[in-house]
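One structure is given below, encoded as structure tokens.
Predicted, not measured: the structure shown is a model, and the values here were computed from it. The chains referred to below are lettered A, B, ... by the order of the sequence lines, with proteins before strands, and numbering in each begins at 1. Atom set for the values below is all heavy atoms of this structure, side chains included, hydrogens, waters and symmetry mates excluded.
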Amino acid sequence: MLDIKYILANQAEYAEVLKNRHFDFDLNVIAELDSRRRKIIGETETLKAMRNRKSKSADATEEFDPKAAKARIKELDSELAEVEKELHDYMMTLPNKLSSTTPIGNDENDNPVVRTWGTPREFTFEPKAHWDIAEPLGIMDFEKGVMLAQSRFTVLKGMGARMERALVNFMLDMHTKKHGYLEVEPPFMVRSAILEGTGQLPKFAEDLYRLQNDDLWLIPTAEVPLTNLNRESILEEKDLPLYYTAYTPCFRREAGSAGRDVRGLMRQHQFDKVEMVKICTPETSYDELEKLTNNAAEVLETLGLPYRVVNLCSGDIGFGSAKTYDLEVWLPSQNKYREISSCSNCEDFQARRMSLRYRPADGGRPVFAHTLNGSGIAVGRTLIAIIENYQNEDGSVNVPEALVPYMDGITRITR
RNA sequence: GGAGACGUGGCCGAGUGGUCGAAGGCGGUUGACUCGAAAUCAACUGAGCAGCUUGCUGUUCCUAGAGUUCAAAUCUCUACGUCUCCGCCA
């Protein structure tokens, strides 16, 4: 959520942000509701001040009808509640501002490439798609996934399941031991308010799985519980930045992506991800974003997977993010780079929604923290990248050297 | 799921209708003492909103919501949560 004072004071500027995000909304609606709100507050506070004076001292001489005042206050209070709810509901649907370093553009084709790492391997044979490698190896079973659940679910077996687990441990070890993140195991289900805090609700309910009987939702990413860990609190500046990492499954309904990536493990309703979250001061958040992105990139580099970094443009960037770097890994079968991590600085957008503040070291008023999140990285897609990039002509798959210790010394997956 | 107890500031804890944004303690900040630290002493130390002379005034907040009352942290109801005992259970 944005500061309403910012919107009112910079209406033209923010209208431009909305335009660049392809977001259609008339900000005069906000201005009008806010002036109604102020008017009601003015009247009600005058009445309350009179009432308080009257009830505090018996000798108050001013003319005051407590009965009439009470009725009017009640009326105004409920009007105010209505206006504030309406205003809040609008505010919760407005997207974040953009960083000055976020490029203006229409869609993913306008995302500039920041850098590229590694050289895609030259194949002496036609590289296969991961499903054509994994199924014969018996390490992925797509039909069983559909049988047990529905499409976009997959069963990993044998060395497939083993490598998935190895990747989780490998990533968590790197982030905790080398990059200084605190490992967390959060709930995989959360309340509505938690999803409002990070911005998935109220706008994107159709992307989420909901447990109707208990009013809980399955998390679409560990960003949700991790970022909310310190909600509604005032941290001390000396305790910042906070670094959290967690492995969790992620659950997404993938509404609106019918027909995209229908084969294989690329787009699943349930997938594993190691996530990184940072809570820091406004002064440091853009440095922290660079570091966070590098932390994710190091996973790919250590596994020897070629990738590139793109800077998401205004038309492609997420609702709550001011700046996002996507890491895209090379997939030989598709002959292109595909998203495997997304690292965002949400500035104070989420912090406002969840009332996450810190007290500056100089003792001033509490200020909203900045929050960042990034995949560190998507485990299923990493499995795809390894299978495709490390495939051999005979249908076997080599295990990346860095992963061998996590696989009991196994260096190659064969039939 | 059944029975009981309880939810007060960063934490602990007093407060059972107005004098309470809330005693006291811990913690924190600053100052004094000290070569320095500790100890000791002193002062300060919650948040939101509105207004304007930007430092003050007003207002709201004692889990949340509703109610009683001229007046609610305090009384009533509901919800949620925590704890204890019992049941069930990985």
Using Watson-Crick or G-U wobble geometry with both distances below 3.5 Å, tell me the partner of [N], or none.
| N | value |
| --- | --- |
| G9(B) | none |
| A73(B) | none |
| A43(B) | U29(B) |
| G17(B) | none |

Practice task
Hey, which sits more toward the 5' end of RNA chain B by its nearest nucleotide, Lys5(A) or Thr44(A)?
Solution key: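 Its nearest nucleotide being more 5', the pick is Lys5(A).
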Exercise for the section: Specify the residue among Glu84(A) and Thr46(A) whose closest nucleotide of RNA chain B lies further upstream toward the 5′ end. Expected result: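 Here Glu84(A) is the residue nearer the 5' end.
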Practice task
Indicate, with a heavy-atom threshold strictly under 4.0 Å, whether Lys238(A) touches base, sugar-phosphate, or nothing.
Solution key: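 The residue Lys238(A) makes no contact with any strand.
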Exercise for the section: Scan Arg191(A) against the nucleic acid and name what it touches under 4.0 Å (heavy atoms): base, sugar-phosphate only, or nothing. Expected result: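 Touches nothing.
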Exercise for the section: Tell me, please, whether Tyr6(A) has Lys97(A) positioned over its six-membered ring: NZ or CZ under 6.0 Å from the ring centre and within 45 degrees of its axis? Expected result: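 Lys97(A) over Tyr6(A) ring: yes.
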Practice task
Please confirm whether the backbone N or O of Ser396(A) pairs with a side-chain atom of Asp394(A), one donor and one acceptor, at under 3.5 Å?
Solution key: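 Yes.
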Practice task
State the CE-CG distance between Met189(A) and Leu211(A), to the nearest 0.5 angstrom.
Solution key: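 Reported value, rounded in 0.5 Å steps: 5.5 Å.
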Exercise for the section: Report the C-alpha distance between Arg260(A) and Glu254(A) in whole Å, list the side-chain angles of each, state the deciding distance to 0.1 Å, and finish with yes or no for salt bridge (charged side-chain N to carboxylate O under 4.0 Å, His left out). Expected result: CA-CA 10 Å; Arg260(A) 297 182 62 195; Glu254(A) 294 296 341; over 6 Å; no
